[in-house]
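One structure is given below, encoded as structure tokens.
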Amino acid sequence: QVQLAESGGGLVQAGGSLRLSCAASGRAFSINTMGWFRQAPGKEREFVAAVNWNGVDTRYADSVKGRFTISRDNAKNTVYLQMNSLRPDDTAVYYCALGGRYDLWVSLQEHNYSYWGQGTQVTVSS
């Protein structure tokens, strides 16, 4: 069993920054792809960013490229999402998720992620 716990969400003004963290426990973390997804009110959950097990492959949604950076610290079983230049349309609940093992390339598809955190709210005011 895997437990994922997000933290770092909050209220920020447009143009500001936040860093989300996701701590994993319960099983090996360092061999899995880790992803971030988000769900805005009234919308479907969408892919934000992902990093494969060794950090070689990272992918971003077009809407966050150049503003968000995903990283991982396998020694701490933690994945991060640094969010800069935040906009009101970044407002959502952000979820981290654990994906496949030893992926060469990350997946952008939810069905390839087997464990999910409870989510952390990010609100960006204009």
Side-chain angles (χ1 to χ4, degrees):
Q1 192 69 11
V2 176
Q3 294 81 42
L4 302 174
E6 303 96 337
S7 61
L11 173 65
V12 64
Q13 289 188 333
S17 298
L18 284 173
R19 188 175 82 154
L20 305 183
S21 299
C22 173
S25 61
R27 56 168 276 183
F29 161 90
S30 62
I31 61 175
N32 290 87
T33 289
M34 295 299 297
W36 286 97
F37 293 76
R38 68 186 182 186
Q39 187 168 21
K43 296 187 177 181
E44 293 187 352
R45 190 159 56 186
E46 64 177 2
F47 171 81
V48 175
V51 57
N52 77 332
W53 68 281
N54 60 5
V56 170
D57 188 44
T58 57
R59 303 289 176 92
Y60 297 91
D62 288 344
S63 59
V64 307
K65 279 181 183 176
R67 301 188 299 121
F68 290 11
T69 302
I70 189 170
S71 61
R72 65 189 299 158
D73 185 338
N74 286 344
K76 295 182 178 179
N77 278 11
T78 301
V79 63
Y80 304 96
L81 186 68
Q82 178 67 43
M83 305 186 295
N84 299 328
S85 302
L86 283 161
R87 309 184 307 215
D89 61 0
D90 293 317
T91 295
V93 177
Y94 283 72
Y95 300 90
C96 71
L98 184 141
R101 297 181 177 187
Y102 296 119
D103 290 338
L104 294 180
W105 301 281
V106 304
S107 171
L108 281 62
Q109 304 300 319
E110 285 190 36
H111 66 263
N112 288 320
Y113 292 81
S114 50
Y115 292 94
W116 294 78
Q118 293 298 307
T120 186
Q121 176 71 46
V122 172
T123 303
V124 184
S125 63
S126 57

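- With sequence neighbours excluded, no residue satisfies side-chain hydrogen bond (donor to acceptor under 3.5 Å, both in side chains) with Tyr95.
- Evaluation of the salt bridge (Lys or Arg N to Asp or Glu O under 4.0 Å) test over residues 112-126, restricted to residues two or more places apart or in two chains, returns none.
- A cation-pi contact, defined as under 6.0 Å to the ring centre and within 45° of the axis, links Arg72 to Phe29.
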**Q.** Glu110 vs Arg45, side-chain contact (heavy atoms from CB on, under 4.5 Å): CA-CA, chis, key distance, verdict
**A.** CA-CA 9 Å; Glu110 285 190 36; Arg45 190 159 56 186; 3.1 Å; yes

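- Under a 3.5 Å cut-off, the side chain of Thr91 and the backbone N or O of Val124 do form a donor-acceptor pair.
- Using a 4.5 Å cut-off on side-chain heavy atoms (C-beta onward), Trp36 and Val51 make no contact.
- Considering CG of Asn77 and CG of Leu4, their distance stands at 10.0 Å, rounded to 0.5 Å.
- Under the 4.5 Å side-chain heavy-atom criterion for grouping Ile, Leu, Val, Met, Phe, Trp and Tyr, Met34 is connected to Val2 within one hydrophobic cluster.
- Contact of the Tyr94 side chain with the Val122 side chain is registered, since non-hydrogen atoms from C-beta on lie closer than 4.5 Å.
- Criterion: ILVMFWY side-chain heavy atoms under 4.5 Å apart, direct or through other members. Under it, Leu81 and Tyr115 are part of a common hydrophobic cluster.
- Listed by chain and residue number, Gln121 satisfy the side-chain hydrogen bond (donor to acceptor under 3.5 Å, both in side chains) test with Thr123 (two or more places apart in sequence, or in another chain).
- Here the SG-CD1 distance, from Cys96 to Ile70, works out to 9.5 Å after rounding to the nearest 0.5 Å.
- Remark: Gln118 engages no residue in a side-chain hydrogen bond (donor to acceptor under 3.5 Å, both in side chains) (not counting sequence neighbours).
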(Q) Assess the residue pair Tyr60 and Arg67 against the criterion (side-chain contact (heavy atoms from CB on, under 4.5 Å)); give the C-alpha distance rounded to whole Å, side-chain angles, the decisive distance to 0.1 Å, and a yes or no. (A) CA-CA 10 Å; Tyr60 297 91; Arg67 301 188 299 121; over 6 Å; no

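- The line from CD of Gln1 to OG of Ser25 is 9.5 Å long, rounded to the nearest 0.5 Å.
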Q.
side-chain contact (heavy atoms from CB on, under 4.5 Å) for Asn32 and Tyr113? Distances and angles first, verdict last.
A. CA-CA 10 Å; Asn32 290 87; Tyr113 292 81; over 6 Å; no

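- Taking the side chain as every heavy atom from C-beta outward, Thr69 and Tyr80 never approach each other to under 4.5 Å.
- In this structure, Thr33 and Ala50 approach most closely via the heavy-atom pair CG2-CB, 4.4 Å.
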**Q.** From CA spacing to verdict: side chain to side chain donor-acceptor pair (under 3.5 Å), Asn74, Ser30
**A.** CA-CA 5 Å; Asn74 286 344; Ser30 62; 5.0 Å; no

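- Between Phe47 and Arg38 there is no side-chain heavy-atom pair separated by less than 4.5 Å.
- Taking CG of Asn54 as the start and CG of Leu104 as the end, the distance is 8.0 Å to the nearest 0.5 Å.
- The pair Asp103-Arg101 does not count as a salt bridge, with every side-chain nitrogen at least 4.0 angstrom from each carboxylate oxygen.
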Q) Under the ring pair (Phe, Tyr, Trp, His ring centres under 6.0 Å) criterion, do Trp116 and Phe37 qualify, and how do the steps go? A) CA-CA 10 Å; Trp116 294 78; Phe37 293 76; 4.9 Å; yes

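- Hydrophobic clustering, with ILVMFWY side chains joined whenever heavy atoms are under 4.5 angstrom apart, keeps Val106 apart from Val79.
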Please tabulate, for side-chain N and O atoms in residues 10-21, each donor-acceptor pair with protein atoms closer than 3.5 Å (sequence neighbours left out).
unit_1 : atom_1 : unit_2 : atom_2 : d
Ser17  : OG     : Asn84  : OD1    : 2.9

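- Taking Ile, Leu, Val, Met, Phe, Trp and Tyr as members and joining any whose side-chain heavy atoms lie under 4.5 Å apart, directly or through other members, Val56 forms no hydrophobic cluster with any other residue.
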(Q) Would Leu108 and Arg59 count as a side-chain contact (heavy atoms from CB on, under 4.5 Å) here? Give the steps. (A) CA-CA 8 Å; Leu108 281 62; Arg59 303 289 176 92; 4.1 Å; yes

